[in-house]
Amino acid sequence: MVKPHTPISMVYGPVQSWRFGRSLGIDPIGTTSVCSYNCVYCQLGHIERLQSDRQCFVPTEQIHQDLMAFAPWDVDAITLSGSGEPTLALNLGEIITMAQQVTQRPVGVLTNGSLLSDPQVQHNLGQADAVAVKLDAVQPTLWAKINRPVAPASLPELWDGIQAFRQSYKGHLAIQTMVLSPWDEASQATYVQLMKAIAPDEIQINTPTRAQPDRHVLSARGNAPNYSPSDSLRRFKFLSFDVLQQMSDRIQAATQIPTRCPEPDLLTR
């Protein structure tokens, strides 16, 4: 007897996050990974579709139905991330508003910031209670090597978009930075000046501890990826907690902006 096909939910978790606590994830992108970046450390694996144009991937009503299956939402927050860049979803604003109304929980969005120069994206994200924007390097060449954006993206364009969004956003803004190797003095000094200029509510310093599979692994959205024995996994030599903590302390002392990094046990998982 053939078992009936079980639709894949666009809501997953709860996920235990060092940044957001116990969080329920919403994936506005769907089962095919779609992003404007193809980051070298992406835990989802190689991005299946690279694009910078927005479209509706998953109907808001479907996400609403998937979300209702998790009631009564015993979590600290709802987080939009999932299988790629959430701001690519044209119905992002609808999803945020719906999740806030249905769950009565704060809704956050993790974004690479690549579309922040678009006023409509700024408006959509402005409805979120918290937004974390990726900024992984301060030199254009290194940024391009790490994040591998869709052309013709540029680091100055990303920075202009972050600044434009900051001017209008009333929620909690975090800058999240993935550090692949120790930064030199000049890079740290440049980063400090940028953080002073943008004045986020928080800075999050991290290092890639999760393996990168050679294919898209949907379960990598959560805490426990279900890798296949045939998967080829790339593992980075991540930074120690002491190195991250020293960098975090230095940035906080120089900027007076709360700066956090994962606890030591999270770096060894």
Side-chain angles (χ1 to χ4, degrees), residues 10-29 35-37 54 60 63-64 67 70 73-82 84-136 157-178 191 194-206 221 248 251-252 255-262:
M10 292 301 102
V11 178
Y12 58 95
V15 176
Q16 192 60 45
S17 167
W18 65 275
R19 294 168 296 188
F20 301 107
R22 183 176 163 84
S23 172
L24 202 59
I26 289 180
D27 186 349
I29 300 300
C35 194
S36 50
Y37 287 2
R54 304 184 76 198
T60 305
I63 293 177
H64 176 266
L67 194 56
F70 284 82
W73 310 289
D74 182 23
V75 293
D76 301 311
I78 310 295
T79 306
L80 274 73
S81 180
E85 171 51 39
T87 62
L88 288 172
L90 269 174
N91 55 338
L92 176 67
E94 289 182 3
I95 297 170
I96 292 171
T97 301
M98 178 273 294
Q100 290 168 328
Q101 294 174 347
V102 168
T103 68
Q104 296 297 300
R105 298 290 188 277
V107 174
V109 181
L110 306 181
T111 176
N112 61 28
S114 59
L115 275 67
L116 281 179
S117 58
D118 183 337
Q120 189 60 46
V121 171
Q122 294 177 29
H123 175 72
N124 292 161
L125 275 180
Q127 300 172 63
D129 299 283
V131 173
V133 183
K134 179 196 303 289
L135 181 66
D136 288 336
E157 180 184 13
L158 170 64
W159 182 247
D160 288 345
I162 295 174
Q163 288 184 307
F165 178 65
R166 183 50 168 163
Q167 292 175 6
S168 62
Y169 184 54
K170 305 302 181 183
H172 184 91
L173 178 65
I175 298 296
Q176 54 177 3
T177 298
M178 190 71 81
Y191 186 84
L194 291 176
M195 293 303 102
K196 286 181 176 179
I198 202 67
D201 299 291
E202 182 180 29
I203 300 169
Q204 300 165 352
I205 306 295
N206 202 1
R221 298 180 304 183
S248 175
I251 292 170
Q252 180 164 312
T255 63
Q256 298 302 302
I257 298 169
T259 306
R260 293 195 295 147
C261 60

Q) Do Leu116 and Leu125 touch side chain to side chain, with heavy atoms closer than 4.5 Å? A) yes

Q.
A side-chain contact here means heavy atoms from C-beta on lying under 4.5 Å apart; do Val131 and Thr111 qualify?
A. yes

Q.
Looking at Leu135, is its backbone amide N or carbonyl O close enough to the side chain of Thr177 to form a donor-acceptor pair, meaning the two atoms are under 3.5 Å apart?
A. yes

Q) Under 3.5 Å, is there a donor-acceptor pair between the side chain of Asn112 and the main chain of Lys134? A) no

Q) Can you find a pair of side-chain heavy atoms, one from Ile175 and one from Ile162, that are under 4.5 Å apart? A) yes

**Q.** All side-chain contact (heavy atoms from CB on, under 4.5 Å) counterparts of Arg166, not counting sequence neighbours
**A.** Leu173, Ile198, Asp201

Q: Indicate yes or no for a side-chain donor-acceptor contact from Glu85 to the backbone of Leu115 under 3.5 Å, with no hydrogens or angles considered.
A: no

Q | Pairs satisfying salt bridge (charged side-chain N to carboxylate O under 4.0 Å, His left out), at least one member in residues 89-105, at least two apart | A | none

Q.
Under a 3.5 Å distance rule, please check whether Tyr169 uses its side chain to pair with a backbone N or O of Ala164 as donor and acceptor.
A. no

Q. Does Arg260 offer a backbone N or O that forms a donor-acceptor pair with the side chain of Gln204 under 3.5 Å?
A. no

Q) Are Trp73 and Val102 side-chain neighbours, meaning at least one heavy-atom pair lies under 4.5 Å? A) yes

**Q.** Separation of Leu80 CG from Ile96 CD1 (nearest 0.5 Å)
**A.** 6.0 Å

(Q) Tell me whether Asp129 contacts the main-chain N or O of Val107 through its side chain, where contact means a donor paired with an acceptor under 3.5 Å. (A) yes

Q.
Between Arg54 and Ala89 (side chain of the first, backbone of the second, donor and acceptor by atom type, cut-off under 3.5 Å), is there such a pair?
A. yes

**Q.** Exam field: side chain Thr259 to backbone Ile257, donor-acceptor pair closer than 3.5 Å
**A.** yes

